[in-house]
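Note sheet for the following structure.
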There are 4 protein chains.
Amino acid sequence: MLKIGEIGWIEKDKPEINPRDALVRPLALAPCTSDIHTVWEGAIGDRHNLILGHEALGVVDEVGSEVKDFKPGDRVIVPAITPDWDNEAAQRGFPSQTTGPLGGWKFSNFKDGVFGEYFHVNLADANLAHLPEGMSLEAAVMIPDMLSTGFMGAENANIPMGGTVAVLGIGPVGLAGIAGAKLQGAGRIFAVGTRPKATEVAKKYGATDIISYKEGATDEQILEATDGEGVDAVIIAGGGSDIILDAVRAAKAGSIVSNINYFGNGETLPICREGWGFGMADKDFATGLCPGGRVRMERLADIVTYGRMDPALMATHVFHGFDKIEEALLLMKEKPKDLIKPVVIIDENL
Amino acid sequence: MLKIGEIGWIEKDKPEINPRDALVRPLALAPCTSDIHTVWEGAIGDRHNLILGHEALGVVDEVGSEVKDFKPGDRVIVPAITPDWDNEAAQRGFPSQTTGPLGGWKFSNFKDGVFGEYFHVNLADANLAHLPEGMSLEAAVMIPDMLSTGFMGAENANIPMGGTVAVLGIGPVGLAGIAGAKLQGAGRIFAVGTRPKATEVAKKYGATDIISYKEGATDEQILEATDGEGVDAVIIAGGGSDIILDAVRAAKAGSIVSNINYFGNGETLPICREGWGFGMADKDFATGLCPGGRVRMERLADIVTYGRMDPALMATHVFHGFDKIEEALLLMKEKPKDLIKPVVIIDENL
Amino acid sequence: MLKIGEIGWIEKDKPEINPRDALVRPLALAPCTSDIHTVWEGAIGDRHNLILGHEALGVVDEVGSEVKDFKPGDRVIVPAITPDWDNEAAQRGFPSQTTGPLGGWKFSNFKDGVFGEYFHVNLADANLAHLPEGMSLEAAVMIPDMLSTGFMGAENANIPMGGTVAVLGIGPVGLAGIAGAKLQGAGRIFAVGTRPKATEVAKKYGATDIISYKEGATDEQILEATDGEGVDAVIIAGGGSDIILDAVRAAKAGSIVSNINYFGNGETLPICREGWGFGMADKDFATGLCPGGRVRMERLADIVTYGRMDPALMATHVFHGFDKIEEALLLMKEKPKDLIKPVVIIDENL
Amino acid sequence: MLKIGEIGWIEKDKPEINPRDALVRPLALAPCTSDIHTVWEGAIGDRHNLILGHEALGVVDEVGSEVKDFKPGDRVIVPAITPDWDNEAAQRGFPSQTTGPLGGWKFSNFKDGVFGEYFHVNLADANLAHLPEGMSLEAAVMIPDMLSTGFMGAENANIPMGGTVAVLGIGPVGLAGIAGAKLQGAGRIFAVGTRPKATEVAKKYGATDIISYKEGATDEQILEATDGEGVDAVIIAGGGSDIILDAVRAAKAGSIVSNINYFGNGETLPICREGWGFGMADKDFATGLCPGGRVRMERLADIVTYGRMDPALMATHVFHGFDKIEEALLLMKEKPKDLIKPVVIIDENL
């Protein structure tokens, strides 16, 4: 990113590392919708000459003197969010918010991202995880953000065993939300979206009913399908600010609306007063930023290792070579119908 | 209530009771701001010839054939919310939402309220509680709604031991929220309000800092007092819809905004997008309707019995006699400066 | 059950029902290990002429005057536990403990069980669930106890997404615990047992590692397989009292030992002092009795309807006809190697 | 501690510090029952020439090069438990168990304690807290262990607002448990103990009923006082292993037994099988090790600053001067009747 609305290649020095940090080369990368927001919508404010990207697998190039568990040559999963684990917010139980709101998000936000020849990882022992041998890169590269964010949507939704869930939006994060809802015990799962490839994967991940917003109001369709009862939990995984209205109306009195959407526009976001029971209908909102850190990455890797779900289904477009990053990023911007997520394999033999 | 905007006395037949119900005569009553909303703002829609009131102590007049634990002459605490305990929403963990959103709220909503010579209580064994001997009526009459709602605000806020809390609004529910926050382990408690009598009680209930919204934006004052950090929990206990903006901004990344306010106006309510971290700052919203039922009333009675807080401090205006209800209600509407809550003692010797 | 150690057929009058109750005829039945404990170990004390059984599907024969949602002829799932939903323990959040410890368990405990031509169900609207059309009886009859108890084991274990779990015991409740652990987001799942048919189903339900206690101490094998770390959660689903020692030792510091075992012998049960960190290692114990009631049954039916797991895999021995109950019960007592659970289909055409 | 059973003064070199650590001189100290266990019972195994003590206020003498928030001369609260915040157990939510079971406990366990002229603190920025100006040293020195452990007992007990609690043991940790129970919303609080000074403070901290185990079985007295119902939560804060039997029997079906006792003897600890409902009565056990770290210390300091409870009431014996440590320790061993906790003020003017 050169400036808002413009991308290109930048020449930069190799980052320096502190004793607990690591320098990593990319092994596989994926652009994220947030990168699109960052560049073309200026979502996080103006940034100049910032290297984009926060979804990566890598190979350790160099480690600081205090790093114990990683050495040059190790293949690693790099979480999108790399918290400062000794910060007060981590002690409070909110590692993604260390050093301030969303402060655990460093790549392509406060510092250069992972779309470079080398990138810097803070607190290597606490944030990196070993890439399990034999795991496909297309699958593994979904772990740092897509699985971690999507699953968080389901975890925060407090789904009762066998409960009914609606997932609004079936981009990659929404799809991971569906898989997560299944892995949190959901019975019936409504998936709201229209893109054919995505609906196909949604069903494989556990969606039982596909709702198209083109065929009527989402909330009304869900209410009708549930005899007016609504659902036990709603996961918002896309949409503009009005999606909150649908979510609140589709939710039962006594439920959670769990947000994993990035709201990019408007001064305020609207809650429907009546659907919310004037503030008294026990329809809570849960929010959060993608959980990061080593333990999270290791656990999600186990989800893949033990076949609980197959994230590679989302890797619809696979590129090979570092110079394909731009193409992959632009594909993400164009969003062709059969796209879920583009992935760039830098070099399988690294 | 005769119709929206008009009150008066109505002649009605004594209510009939089912085998598990009870007929109760009032012993002490309190009008609630909701009654004001109901009549003069038409908040719950049009109602005709509806008896108002949902805060009462009473004397059992008659019980149904299946009632075991209560008999005529028993002095009882009557919860504002009387859930249908065998309904599905109770099984889901949301008794106040039984039979539909806010469906546990029956008095002066779906059926006649407690401001009558007799009133009907559903599921007497599950909803009534014995009034402990010797408990002052001024204190006990706060239990059915003020304590139950205010305390819920603190319970839902998930306050860490020693955490910092802000309570926005110091009407009686807000004051109970302050007392509740103290009883949930809060350290520092900001109370936002200006009325002198209420601020005096706020301090007695545990407020450590009084913030006047007349002296600047509430959120800015709280942020300044906390070195920009904000608070671990916010309890919204009053205000128009914009109070949500203050709440979200004053809350830390990693906190709960717990609502006990009744939002009476507007199609939608606003969340500030940036203060909410674009939906990712771990600032959750908790809502709910006053918990009802016998166990809740018994436990709150223990709070009073064992001196954990003294609700009688809120009974600033005490009337005697059934015919004083109208005067008390109008006082609630006028809201003189020294008013917290008016109470009507019907007859101490009942 | 005629008395401890002796079973046979008893002639009894048709049970009488109260206005909110139902009389039900069995459609499919399953004997439970508890029945064996009850008769041959006298586990719940002496009982005379008690009809056994608490796992049933049925057909409604008659309903009380206040029952609204069920009518004669309806096919229903009957929960093993039928709480008194307006009792204080339900208000406290513990419906299975209504009217006293384990008081929600009525069939073949406080009153005649379901192995009769007719049986009585309290609070029909709150406790029965409609049997979904087309659901196999072999699958559905596992819902009332096996799924509800086994899943509870996983729900109480607070399994982190991708966390590692050990399930001690692979009888039908343990198998449901494994399936439940998968549906609660477990990554790696150790199943401890030796019976070949059960280990086969354990793998289908999500077990990734089978541990045989014949090949060494269970806890040591689990610790070795996890590099000495132990597991995030242990579900105890069988064994004598010493199984607790294994569980505590195999659990990480910071974990939950979730019990769904019925402990039938001994004055006391042992916790290993050192493995428990002298009471300070954050290894909590969770216990509970099978959740009952209509909402639970409906939700678990959705688990089956939407293919989240297939409980019919546990029905290894299927009998047809009311007179086969005794044979099925004795099979349960003998426990042949290929048995998981016997099921008796009374009459598919009812 | 020279060896098991023998104490004395040891000459040692000043500890060395790493970049993130601090060297601290003691300002006020308190011996703990654990110190007694360590020396005279060999509770944590054999230790030679180990400096005892883990409860301290101090003055920073020297800080490592990466420490930002503390400088020489700062007066600080030193938590008894100083977790490694970037360790995996902290990421799992169990900082007191970092690097292994009870691994957050370093002072006088894995390294020299605080009863020296200088002591070493790991991760100064994450573990130390500034001592608020004007706070009495007798009060503040209770924060590092007594308040943190005692309050944890109440926090883990999940006390419902107005719920009934029993605290077994009224040593200083039990007394803090009582104060904590009140600050977690308890209504009625039973305190079990006999020492007159301690019972006096127990009442001031919120105990409503004093139970003497000399006047009958504890569990029976509690059951009798609650009409056979038992309590919503039990906090075990003292006693031998049989105290667990009392706790389980006094607890309601549907409750938590929260342990803050150090169990020092026996291979196993007993749970009463029948009282535990054969493992099915929803009587859970919660355990834990004193929470440490900076945020915890700051929050507990706020509890003291804002007058939520006064820990100085427990400082029954106050010594002045470094050379009085031995006397204070021996007093702790002797346990005279009027002792709650001895405190040694090293030098108020430091």
Side-chain angles (χ1 to χ4, degrees), chain C residues 37 43-44 88-90 92-98 100-103 105 149 156 160 163 228-230 232 236 241-242 244-245 252-290, chain D residues 37 43-44 88-90 92-98 100-103 105 149 156 160 163 228-230 232 236 241-242 244-245 252-290:
Chain C
H37 289 306
I44 56 174
E88 63 87 29
R92 287 193 290 117
F94 299 96
S96 293
Q97 315 292 345
T98 40
L102 319 189
W105 177 22
T149 299
N156 285 354
E229 280 193 16
D232 292 300
I236 299 179
S241 64
D242 280 0
I244 300 177
L245 306 178
K252 279 183 193 173
S255 62
I256 289 184
V257 174
S258 172
N259 183 61
I260 48 176
N261 193 25
Y262 166 94
F263 288 105
N265 292 298
E267 187 74 22
T268 63
L269 307 170
I271 309 174
C272 42
R273 189 179 65 90
E274 209 172 313
W276 208 38
F278 324 113
M280 303 186 294
D282 272 309
K283 298 183 179 184
D284 294 359
F285 284 95
T287 80
L289 173 66
C290 172
Chain D
H37 289 306
I44 57 174
E88 62 88 31
R92 289 193 288 117
F94 298 95
S96 294
Q97 315 291 345
T98 41
L102 319 190
W105 176 24
T149 299
N156 285 355
E229 282 193 15
D232 292 300
I236 299 180
S241 63
D242 280 0
I244 300 177
L245 306 178
K252 280 183 193 173
S255 62
I256 290 185
V257 174
S258 173
N259 183 61
I260 47 175
N261 193 24
Y262 167 93
F263 287 104
N265 291 299
E267 188 72 23
T268 63
L269 307 171
I271 309 174
C272 41
R273 190 179 64 92
E274 211 174 311
W276 208 37
F278 323 113
M280 303 187 295
D282 272 309
K283 299 184 179 184
D284 295 0
F285 283 95
T287 79
L289 173 66
C290 172

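Since we're looking at a predicted model, the values are computed, not measured. Proteins get letters first, then strands, A, B, ... in listed order; numbering begins at 1 in each.
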Can any side-chain N or O of [X] pair as donor or acceptor with the backbone N or O of [Y] at less than 3.5 Å?
X: Arg92(D); Y: Asp232(C); value: no
X: Gln97(D); Y: Met280(C); value: yes
X: Thr287(D); Y: Asp282(C); value: yes
X: Arg273(D); Y: Ser241(C); value: no

Original post:
Out of curiosity, Ile271(C) CD1 to Ile244(D) CD1, how far, rounded to the nearest 0.5 Å?
Top reply: 5.0 Å
Subject >> Interchain contact, Thr149(D) with chain C, by part (heavy-atom threshold 4.5 Å) >> reply: neither
**OP:** Find the one option among Pro270(C), Gly288(C), Cys272(C) whose heavy-atom pairs under 4.5 Å with chain D are most numerous.
**Re:** Gly288(C)
Original post:
When Thr268(C) is tested against each of Leu245(D), Asp242(D), Leu269(D) for side-chain contact (heavy atoms from CB on, under 4.5 Å), which residue passes?
Top reply: Leu245(D)
Show me the donor-acceptor pairs, under 3.5 Å and distance only, between side chains in residues 260-267 of chain D and residues at least two apart or in other chains.
{"from": "Asn261(D)", "atom 1": "ND2", "to": "Gly238(D)", "atom 2": "O", "distance (Å)": "3.3"}
{"from": "Asn261(D)", "atom 1": "ND2", "to": "Gly239(D)", "atom 2": "O", "distance (Å)": "2.9"}
{"from": "Tyr262(D)", "atom 1": "OH", "to": "Ala43(D)", "atom 2": "O", "distance (Å)": "3.4"}

Original post:
For the candidates Pro101(D), Ala286(D), Pro160(D), which exhibits the highest count of non-hydrogen atom pairs separated by less than 4.5 Å from chain C?
Top reply: Ala286(D)
Subject >> Heavy-atom pair with the smallest gap, counting every atom of Phe278(C) and Leu102(D) >> reply: CD1-CD1, 3.8 Å
Subject >> Structural part of Ser255(C) lying under 4.5 Å from a heavy atom of chain D >> reply: backbone
